[in-house]
**Q** 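One structure follows; several queries about it will come next.
Side chains are part of it too, since the values below use all heavy atoms of this structure and drop only hydrogens, waters and symmetry mates.
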Amino acid sequence: MEVKVRYAPSPTGLQHIGGVRTALFNYFFAKSQGGKFILRVEDTDQERSSEEALQDLYDTLDWLNIKWDEGPIVGGPNGPYIQSERFELYKKYAKQLVASGHAYYCYCSEERLDEVRTQQKAEKSSQQGYDRHCRNLSEEERIEKEKQGIKPVIRLKVPTEGKTTFHDVLMGDITRKNIDVSPDPILLKGDGFPTYHLANVVDDHLMGITHIMRAQEWIPSGPLHVILYEAFGWEPPLYCHLPMVMGKDGQKLSKRHGSTSVRDFKEKGYLPEALMNYVSLVGWSFDGEREFFSQEELEKVFDITKINKSPGVFDYKKLDWFNGQYIRLMSDEDLEKALIPYLEKAGFIDKDISSDKKKKLDELVVCAKPRLKVLSDIVELAVFLFTNPEVAAPEMFVAKKMDLKTSYEALSKTYEIMIEDLNQGKSFEDVESDITNLATDMGVKVNGVFTPLRVALTSTTVSLPMSDTYKLLGKEESFKRIEKALEMLKKEVE
RNA sequence: GGUCCCUUCGUCUAACGGUUAGGACGAAAGAUUCUCAGUCUUUAGAUAGGGGUUCGAUUCCCCUAGGGACUACCA
């Protein structure tokens, strides 16, 4: 039997890490089994679904290079794949269940439902949820309600006795007493749209889904879905509930913990390959040793039985590390291309880059490559090159065990050395060793002479190595900055 | 409150019932005769607790504790 799985998000917000992890696991499982991966849009909540969220779903999967075999845009034999376009279908199936005695019309107002709920809560009743008020309405009562013009919902008649078991690939059998299953949940809402329960069962069946891989938060409704399958007389698919993705505090990952939307990660400059690789490792591992996998490899090597049962914390630091590794693997050309949008956004470069600037850029990329965790790091690293900010305070020139006077002295002597050496046609490497000697001569730490130079050239205490900085800036600009710095220091010393 | 699920270093995880309990991130230390990174080397760091079963439990069973999810005309 061909494996057929689906990712079925509801477009009610930006795609987040948890969702994408589910998508990835489904996708990898399908690929590894030579099966099909289906995308289905569950937009049955008309209030919360949005066009923007739908677009974000497409953008996200596109960015990650996840292609679906059937679904919106590409179509397929079981379409449409957007639930709002299947509107009539659910109505038909809901009514079928009413006709077969597995479901019933309910006329309860939301107000009454609220009342029931608050009362149950107040009494700490063991019975929480709908009180099945309309379950046994007589035909006369029903007609009376209809006459009043109340638009009913359709509820599933959940058995009040017995128990229901479903099988989970990872968890084994999970059994729940029927009395503990959600009491008669709504299948078809007042607006004629189905709830998740009805829509997903109907569609999974119609679309021939063989395995349902979804987050563990769905475990409690597993038995409910099986009851639905049985009511229809259908065979339920295999379940595989994926461990949750948590934040550092052990709670379900949310915005509190940092970025969670894939769009955010993209904008900060995470590479899709890195994100995919890392995300595939939360809740799954290959052998505990190997961690680097390309998409193609994951499509081959992914093994559903190696998925973990316990929830995993999303480690932003490890993602950073992965991303840095992937950046270092990029060619200089590719990296430069990836970096340009960030430099443009910062206002450092324009759309058309002069050949002069292009050369600078080429150099910059080489220097920056080992230092980047995310692409947007380039801005801070390059700010000295494209702007010339004021030094915030003269004290910045002063390294440990130095003072303003010695720092001034160090910088002016450094400047003299630079002028002389460079006039003699020496390389900057030679200049560096002479500066190092200067430190010895002055009886100070090497850092004591490099710090004033660093601050003079970059206005910051953290920067690229001085040789790179000098080469990037060029002789003229470098000298200009040193002179400016000397002026500032001189005032302080006098 | 009720139901269900989970439990190996701080984090992600590996370990046919037999290993000095392994790896990675993070942390700490050192090296790379300039900062920050990067790279390399090293160190610390875990089987939640208690009972069984067994010659032998991280591994199987039970209890306790802790954590989580669900409990909508949201998915």
**Q** For B/rC34, does the base pair up with any side-chain atom of A/Glu432 as donor and acceptor (N or O, under 3.5 Å, distance only)?
**A** yes
**Q** Tell which nucleotide pairs with B/rA44, taking only Watson-Crick or G-U wobble pairs whose two distances are both under 3.5 angstrom.
**A** none
**Q** Between A/Trp284 and A/Arg454, name the one whose nearest nucleotide on RNA chain B is closer to the 5' end.
**A** A/Trp284
**Q** Could I get the full list of side-chain hydrogen bond (donor to acceptor under 3.5 Å, both in side chains) partners for A/Gln216, not counting sequence neighbours?
**A** none
**Q** For B/rU19, which nucleotide is its Watson-Crick or G-U wobble mate, given both distances must be under 3.5 Å?
**A** none
**Q** Ring of A/Tyr470, cation from A/Lys475 - is the NZ or CZ under 6.0 Å from the centre and inside 45° of the axis?
**A** no
**Q** Could you tell me how far B/rA48 sits from B/rU8 if I compare only their P atoms? Round to whole Å.
**A** 6 Å
**Q** Go along nucleotides 36-49 of chain B 5' to 3' and tag each nucleotide: B for a protein heavy atom under 4.0 Å from its base, S when only backbone or sugar atoms are that close, - otherwise.
**A** BBSS----------
**Q** List the residues meeting salt bridge (charged side-chain N to carboxylate O under 4.0 Å, His left out) with A/Lys426, not counting sequence neighbours, and say none if there are none.
**A** A/Asp421, A/Asp434
**Q** How far does the P atom of B/rC70 sit from the matching atom of B/rA75, given to the nearest Å?
**A** 14 Å
**Q** What integer distance in Å separates A/Asp180:CG from B/rC4:C1'?
**A** 9 Å
**Q** Using the side-chain hydrogen bond (donor to acceptor under 3.5 Å, both in side chains) rule, collect all pairs that involve residues 365-385 of chain A, keeping only residues at least two apart or in two chains.
**A** A/Asp332-A/Lys369
**Q** Using Watson-Crick or G-U wobble geometry with both distances below 3.5 Å, tell me the partner of B/rU53, or none.
**A** none
**Q** Is the shortest distance from a Lys or Arg side-chain nitrogen in A/Asp45 or A/Arg48 to a carboxylate oxygen in the other one below 4.0 Å?
**A** yes
**Q** Just the rounded figure in Å: distance from C1' of B/rU11 to NZ of A/Lys248.
**A** 5 Å
**Q** Nearest whole angstrom, please: distance from the P of B/rG2 to the CD of A/Gln120.
**A** 15 Å
**Q** Provide the distance between the two C1' atoms, one in B/rC9 and one in B/rU43, to the nearest whole Å.
**A** 14 Å
**Q** In whole Å, what separates the P atom of B/rA31 from that of B/rA37?
**A** 15 Å
**Q** Whole-Å distance between B/rG23 C1' and A/Lys306 NZ?
**A** 15 Å
**Q** Take atom CG of A/Asp315 and atom P of B/rA27, then tell me their distance rounded to the nearest Å.
**A** 10 Å
**Q** For the residue pair A/His225 and A/Tyr196, is the inter-centroid distance of their aromatic rings smaller than 6.0 Å?
**A** yes
**Q** Not counting sequence neighbours, which residues clear salt bridge (charged side-chain N to carboxylate O under 4.0 Å, His left out) with A/Lys157? List them please.
**A** none
**Q** Can you tell me how far C1' in B/rC25 sits from the matching atom in B/rG45, rounded to whole Å?
**A** 13 Å
**Q** Using whole Å, what does the distance between atom P of nucleotide B/rU35 and atom CZ of A/Phe450 come to?
**A** 9 Å
**Q** Mind checking ring pair (Phe, Tyr, Trp, His ring centres under 6.0 Å) for A/Phe292 and listing every partner two or more places apart, or none if nothing turns up?
**A** A/Trp321, A/Phe322, A/Tyr326
**Q** So if I define the base as every atom that isn't primed, P, OP1 or OP2, how would nucleotides 65-75 of chain B read as a B/S/- string at a heavy-atom cutoff under 4.0 Å?
**A** ---SSS-SBBB
**Q** Within the 4.0 Å heavy-atom criterion, would you say A/Gly283 contacts the bases, only the backbone, or no part of the nucleic acid?
**A** sugar-phosphate
**Q** B/rA14, OP1 or OP2 - any side-chain N/O from A/Asn308 closer than 4.0 Å?
**A** yes
**Q** Distance between the C1' atoms of B/rG2 and B/rC61, in whole angstroms?
**A** 26 Å
**Q** Can you tell me how far P in B/rA21 sits from the matching atom in B/rU54, rounded to whole Å?
**A** 25 Å
**Q** Could you give the side-chain donor-acceptor pairs of residues 439-449 of chain A under 3.5 Å, partners two or more places apart or in another chain?
**A**
{"from": "A/Thr440", "atom 1": "OG1", "to": "A/Thr436", "atom 2": "O", "distance (Å)": "3.2"}
{"from": "A/Asn447", "atom 1": "OD1", "to": "A/Thr451", "atom 2": "OG1", "distance (Å)": "3.0"}

**Q** Considering only atom P, compute the distance from B/rG10 to B/rC60 and round it to an integer number of Å.
**A** 22 Å
**Q** May I have the distance from A/Lys401 (atom NZ) to B/rU35 (atom P), rounded to whole angstrom?
**A** 14 Å
**Q** If B/rU7 has a Watson-Crick or G-U wobble mate with both distances under 3.5 Å, name it; if not, just say none.
**A** B/rA65
**Q** Answer yes or no for A/Arg481 and A/Phe479: cation-pi contact, defined as NZ/CZ to six-membered ring centre under 6.0 Å and angle to ring axis within 45°.
**A** no
**Q** Using whole Å, report how far NZ of A/Lys309 lies from P of B/rU13.
**A** 14 Å
**Q** Please name all residues satisfying side chain to side chain contact (heavy atoms under 4.5 Å, CB included) with A/Val153, sequence neighbours left out, ordered by chain then number.
**A** A/Cys106, A/Arg155, A/Ile186
